[in-house]
Amino acid sequence: MRKKIVAGNWKMNNDKAETSALIKGLKRSIKKLPLKNTRVIIAPSYLSLSSAVKKTKDTPIEVAAQNMHQAKSGAYTGEISADMLKSIGVKTVIIGHSERREYFCETDELLAAKLDAVLANDMEAIFCFGEKLEERKKEDHLLEVGSQLKNSLFHLKPADFKSIILAYEPVWAIGTGETASPEQAQEMHAFVRTVIGKKFGLEVADSVSILYGGSVKPANAEEIFSKPDVDGGLIGGAALQVEDFTAIIKAI
Ligand code: PEP
């Protein structure tokens with residue numbers, strides 16, 4: 001059975017005290033939930049990762065990084081390596097978020113190299129992809145996503161997908177309050193599963209979790225999560241509130 005996953009991307013939000021308060025609240029509210037087949041992941045800023053790992057020890061909450069450099073070490077001012085993350089107990093990392101693609105010029109090729117670094121270090125990636133509004137309007141969304149998947153994933157081996165979570169995030173729905181309809185999400189997720197199946201085999205396609213991200217809120221989570229190829233969500237804004245994030249986890 002595919003894992004259900006709810007992951008919160010905190011982006012550049014929450015200082016030390018706010019991180020502590022949010023984790024404290026989440027621990028309290030999550031304790032009451034029957035999580036069964038569901039993973040709960042939070043991705044605080046680099047500064048808060050170490051304390052988040054300590055604060056979530058012995059709880060169901062896992063901690064992920066929002067980004068990682070592909071090199072082992074060296075003269076890359078401001079960057080963080082796989083070894084650094086592993087040394088504080090972080091094994092999951094978001095790769096290819098649209099904000100990294102757009103504001104930090106991360107290309108499909110660079111993301112392929114980052115995925116290689118994640119896998120070479122026995123870590124796990126939440127790999128994000130999605131089309132922009134112009135591409136959706138031109139009805140090129142499947143073409144665009146197919147190309148992002150091909151460019152960043154097609155050099156991998158089927159076994160690598162044990163360490164990869166996919167996250168479809170239409171750029172036009174991120175932080176905009178606009179959500180893909182459950183039908184639009186399902187269409188894309190089914191397409192992605194078909195693309196993965198054709199390249200890596202049905203077993204891989206059937207077992208890889210595909211998350212939806214883009215203005216998921218308590219009010220729309222249940223309907224989106226009810227679609228057969230949607231295995232959970234990557235949540236931005238709503239992950240910053242205990243009540244909202246908890247309600248989204250409950251909706252899965
Ligand atoms: C995100 O940044 O991954 C995201 C989905 O943000 P939001 O939920 O705020 O749209």
Side-chain angles (χ1 to χ4, degrees), residues 4-14 18-19 22 26 38-46 48-49 52 61-68 90 92-106 111 114-115 118 124-133 135-136 141 144-145 148-149 152 164-182 184-186 188-189 192 209-225 227 229-252:
K4 302 275 183 193
I5 300 167
V6 180
N9 174 13
W10 291 9
K11 311 192 186 187
M12 197 173 72
N13 293 296
N14 291 339
E18 289 161 341
T19 297
L22 184 47
L26 283 176
T38 304
R39 290 174 65 187
V40 176
I41 304 175
I42 56 169
S45 76
Y46 282 141
S48 297
L49 282 177
I61 304 171
E62 301 172 46
V63 176
Q66 297 175 19
N67 178 35
M68 184 188 98
V90 173
T92 303
V93 55
I94 299 173
I95 297 290
H97 191 279
S98 66
E99 287 150 17
R100 299 292 318 171
R101 291 175 186 260
E102 186 171 349
Y103 306 138
F104 303 95
C105 306
E106 295 197 352
L111 299 174
K114 288 193 177 207
L115 285 172
V118 167
E124 172 186 60
I126 301 176
F127 177 68
C128 306
F129 52 87
E131 81 284 359
K132 296 194 177 122
L133 185 59
E135 291 149 354
R136 167 70 58 176
H141 48 290
E144 173 58 23
V145 162
Q148 288 177 20
L149 297 178
S152 297
I164 292 181
I165 298 162
L166 299 175
Y168 168 53
E169 297 216 304
V171 180
W172 49 272
I174 297 179
T176 58
E178 240 190 90
T179 323
S181 68
Q184 286 172 321
Q186 171 58 27
M188 183 60 85
H189 284 227
V192 170
S209 294
I210 311 178
L211 315 186
Y212 168 80
S215 299
V216 176
K217 305 181 240 348
N220 58 24
E222 199 171 331
E223 217 191 333
I224 293 174
F225 294 162
K227 293 296 174 191
D229 286 297
V230 178
D231 304 308
L234 179 55
I235 320 296
L240 300 173
Q241 305 294 331
V242 174
E243 295 73 22
D244 287 358
F245 195 56
T246 308
I248 291 169
I249 298 166
K250 273 189 195 160
I252 205 150

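One-based numbering, in listed order, for ligands and for the atoms of each.
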Proximity flag Ala173 to ligand 1, non-hydrogen atoms under 4.0 Å: yes

Any Ser215 heavy atom less than 4.0 Å to ligand 1: yes

Residue-ligand contact Lys217/ligand 1, heavy atom below 4.0 Å: no

Gly175 N/O to ligand 1 N/O under 3.5 Å: yes

Ligand 1 to Ile235 polar contact by distance, N or O atoms, under 3.5 Å: no

Identity and distance of the protein heavy atom lying nearest atom 1 (C) of ligand 1: His97 NE2, 3.2 Å

Per-atom contacts of ligand 1 with Gly214, taking only distances under 4.0 Å to non-hydrogen atoms: 5 (C), 10 (O)

Contacting atoms of ligand 1, where contact means under 4.0 angstrom from a heavy atom of Glu169: 1 (C), 3 (O), 4 (C), 5 (C)

Within residues 5-14 or reaching into it, pairs that qualify as salt bridge (charged side-chain N to carboxylate O under 4.0 Å, His left out) - sequence neighbours excluded: Lys11-Glu99

4.5 Å side-chain heavy-atom contact, Phe127 and Val118: no

Basic-acidic side-chain contact under 4.0 Å: Lys132, Glu102: no

Short N or O distance, Ile174 and ligand 1, threshold 3.5 Å exclusive: no

Nearest heavy-atom neighbours spanning Ala173 and Ser215: O-OG, 2.8 Å

Qualifying residue, where the test is side-chain contact (heavy atoms from CB on, under 4.5 Å) with Val63 and the options are Leu49, Ile41, Thr92: Leu49

Check: Thr176 N/O within less than 3.5 Å of ligand 1 N/O: no

Nearest protein heavy atom with distance in Å, relative to atom 8 (O) of ligand 1: Gly236 N, 2.9 Å

All ring pair (Phe, Tyr, Trp, His ring centres under 6.0 Å) counterparts of Tyr168, not counting sequence neighbours: His189

Any donor-acceptor N/O pair, Lys217 side chain to Ala238 backbone, under 3.5 Å: no

Pairing of Arg39 and Glu124 as salt bridge, 4.0 angstrom limit: yes

Proximal ligand 1 atoms for Gly237, defined as those under 4.0 Å from one of its heavy atoms: 7 (P), 8 (O), 9 (O)

Numbering as shown, the atoms of ligand 1 that approach Leu234 to under 4.0 Å (heavy-atom distance): 3 (O), 5 (C)

Gap separating the CD1 atom of Ile95 from the CD1 atom of Ile126, nearest 0.5 angstrom: 10.0 Å

